[in-house]
A.B. asks: 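Before we start, here is the structure in question, set down as structure tokens.
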Amino acid sequence: MTMYWTTTDSPVGTLWLTGDGTALTGLYMARPAALDLPGQVEDDAPFATAREQLAAYFAGERQEFDLPLSPVGTAFQQQVWAALRAIPYGETRSYREIAEQLGRPTASRAVGAANGRNPISVIVPCHRVVGSSGVLTGYAWGLERKRALLDLELTALTAAAAR
């Protein structure tokens, strides 16, 4: 199966987008090793809508993404990633809150592991998950980027409220 990829610039650095020609399968902040495998084709065309929506998000003009997504993961990971997509723009949830939402109140660490394996960063907003005390905790792409994404959302909300 042919897999497509492209890059796009953002305020948090270069983003690598991957997809199957129909849906987005990944958004990474470092070049994924899988791009070196056979069958990987660099092509901007399958990602035009994703790139437009990302540009609008980073400009503070878009709060939700409307893209076909196809992340690969276990059933539990899929549940966690769906819960991430339900976190409103500019808000955060703790790992414990997500575990409780999924009906698995003792699964905070498993939620953290699934969050860390999220293949579609930003669009599936794993950056909106924090520790129980509200402190920023682990982020696969670095706490500086996590803080930058959260600050971007809060700044956009503040600007919108001021209008």
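All residue numbers refer to positions in the sequence shown, counting from 1.
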A.B. asks: So does R93 pair up with E91, basic N to acidic O under 4.0 Å?
C.D. replies: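 Answer for the salt bridge query: yes.
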
A.B. asks: Less than 4.5 Å apart, side chain to side chain, heavy atoms only: is that true for V130 and Y95?
C.D. replies: no

A.B. asks: Quick one: which residue pairs count as a side-chain hydrogen bond (donor to acceptor under 3.5 Å, both in side chains) with a foot in residues 21-34, not counting sequence neighbours?
C.D. replies: T18-T25, R31-D36

A.B. asks: Which is it for T49 and D66 under the side chain to side chain contact (heavy atoms under 4.5 Å, CB included) test, yes or no, and what are the steps along the way?
C.D. replies: CA-CA 9 Å; T49 302; D66 181 21; over 6 Å; no

A.B. asks: When rounded to the nearest 0.5 angstrom, what is the spacing between CD in E52 and CZ in R62?
C.D. replies: 9.0 Å

A.B. asks: Can you give the donor-acceptor pairs under 3.5 Å from side chains of residues 149-158 to other protein atoms, not counting sequence neighbours?
C.D. replies:
unit_1, atom_1, unit_2, atom_2, d
D151, OD1, R147, NH1, 3.1
E153, OE1, G90, N, 2.8
E153, OE1, R128, NE, 3.0
E153, OE2, Y57, OH, 2.7
E153, OE2, H127, NE2, 2.8
E153, OE2, R128, NE, 3.2
E153, OE2, R128, NH2, 2.9
T155, OG1, D151, O, 2.8
T158, OG1, L154, O, 2.8

A.B. asks: Are the side chains of Q40 and W5 in contact, using a 4.5 Å heavy-atom criterion?
C.D. replies: yes

A.B. asks: Would you say Q78's side chain and A75's backbone share a donor-acceptor pair under 3.5 angstrom?
C.D. replies: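 Judged by distance alone, no pair lies under 3.5 Å.
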
A.B. asks: Hey, is the main chain of T106 close enough, under 3.5 Å, to the side chain of R104 for a donor-acceptor pair?
C.D. replies: no

A.B. asks: Return the set of residues passing side-chain contact (heavy atoms from CB on, under 4.5 Å) with A23 (not counting sequence neighbours), or none when no residue passes.
C.D. replies: D20, P68, S70

A.B. asks: Throw together a table of side-chain donor-acceptor distances under 3.5 angstrom for residues 108-119, partners on residues two or more places apart or in other chains.
C.D. replies:
unit_1, atom_1, unit_2, atom_2, d
R117, NH1, A113, O, 3.4
N118, OD1, I120, N, 2.9
N118, ND2, V124, O, 2.7

A.B. asks: With sequence neighbours left out, write down each residue that passes side-chain contact (heavy atoms from CB on, under 4.5 Å) with T6, or none if nothing qualifies.
C.D. replies: L17, D44, F47, R51

A.B. asks: Side chains of S121 and W141, heavy atoms from C-beta outward: is any pair under 4.5 Å?
C.D. replies: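 Side-chain contact under 4.5 Å: yes.
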
A.B. asks: How long is the gap from CD on Q101 to CZ on R96, to the nearest 0.5 Å?
C.D. replies: 14.5 Å

A.B. asks: Using distance only, find each side-chain donor-acceptor pair of residues 7-15 under 3.5 Å and give its atom names and separation, not counting sequence neighbours.
C.D. replies:
unit_1, atom_1, unit_2, atom_2, d
S10, OG, V12, N, 3.1
S10, OG, G13, N, 3.4
S10, OG, G13, O, 2.7

